[in-house]
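Heavy atoms only: backbone and side chains are in, while hydrogens, waters and symmetry mates are out. Counting starts at 1 for both ligands and their atoms, following the listed order.
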Amino acid sequence: MAQRVLVVEDEEDIAFPLVRTLEREGYDVSWVDSGERALADLNGVAADVVILDLGLPDMDGLEVCRRARESGFGGAIMICTTRAAELDRVVGLDYGADDYLAKPFGLAELQARVRALLRRTNTGFAQVAAEDPNGLRIDVAARRVYAGQQEVPLTGKEFEVLNILASHRDKVVSRGRLMADVWDENWYGSTKTLDVTIGRLRQKLESVGVTDKVVAVRGVGFRLEAGQVEAGA
Ligand code: CA
């Protein structure tokens with residue numbers, strides 16, 4: 001199945017060549033011109049990559065990014081903006097975007113970045129599931145998790161934590177990022193809730209024989225990695 005790219009851009013002059021280029025690359029491309037339509041689209045079919053303009057007519061692109069993550073969107077998000085100062089703000093604050101591109105950008109660069117994002121975020125699951133009968137498979141649209149054919153029953157928070165860790169597989173996700181994305185962006189309280197959730201998540205994954213592990217990185221956060229890495233080391 002072709003990988004799906006959602007282009008969120010209100011200017012036709014920018015959107016058209018972008019969509020055409022991505023379609024030529026073989027992606028299944030959708031285009032929307034507002035934040036509300038983007039969020040509606042992401043609720044329906046899960047995109048693998050979202051190319052997100054910040055200056056949308058109805059809302060700030062960052063708001064789209066935040067809300068998409070809040071509702072469990074686990075695909076990659078690339079933010080595009082003309083405003084250099086805006087880009088600094090985006091990079092400085094963590095809204096859950098994976099990459100940033102300053103406009104105007106070359107189409108070749110865009111293609112390369114989309115390919116890199118797809119390598120980083122999506123291919124992991126399909127490969128792991130194919131190679132390992134107990135590999136994790138996450139159906140983001142349905143918000144369900146499977147170990148092989150068996151479903152792992154997770155609570156909403158457990159699912160969100162796992163989904164964030166899985167979309168940054170083998171990378172550390174900070175405690176702050178997890179707290180902000182899963183609980184509340186203005187969370188200043190104890191992170192004990194996070195530890196409890198991680199503990200339960202680990203138990204559930206282990207109980208169905210998932211080999212992937214949620215590893216704590218002291219003082220920083222957590223990382224989802226393949227269990228075989230430890231065994232083979
Ligand atoms: Ca715009």
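- Residue Arg200 qualifies as open at atom CZ: its count of foreign heavy atoms under 6.0 Å is 12 or below.
- The pair Arg202-Glu206 does not count as a salt bridge, with every side-chain nitrogen at least 4.0 angstrom from each carboxylate oxygen.
- Residue pairs meeting the side-chain hydrogen bond (donor to acceptor under 3.5 Å, both in side chains) criterion with at least one member in residues 14-23: none, sequence neighbours excluded.
- Ion pairing between Arg66 and Glu63 holds under the 4.0 Å rule for side-chain N and carboxylate O.
- Salt-bridge formation is detected for the pair Arg113/Asp99: a Lys NZ or Arg NE/NH1/NH2 atom is positioned less than 4.0 Å from an Asp or Glu carboxylate oxygen.
- Listing protein N, O or S atoms at distances below 3.0 Å from the Ca ion (ligand 1), with waters left out, gives Asp10 OD1, Asp53 OD2, Gly55 O.
- At a threshold of 4.0 Å, the pair Arg37-Asp58 does not count as salt-bridged, since none of the basic side-chain nitrogens sits closer than that to a carboxylate oxygen.
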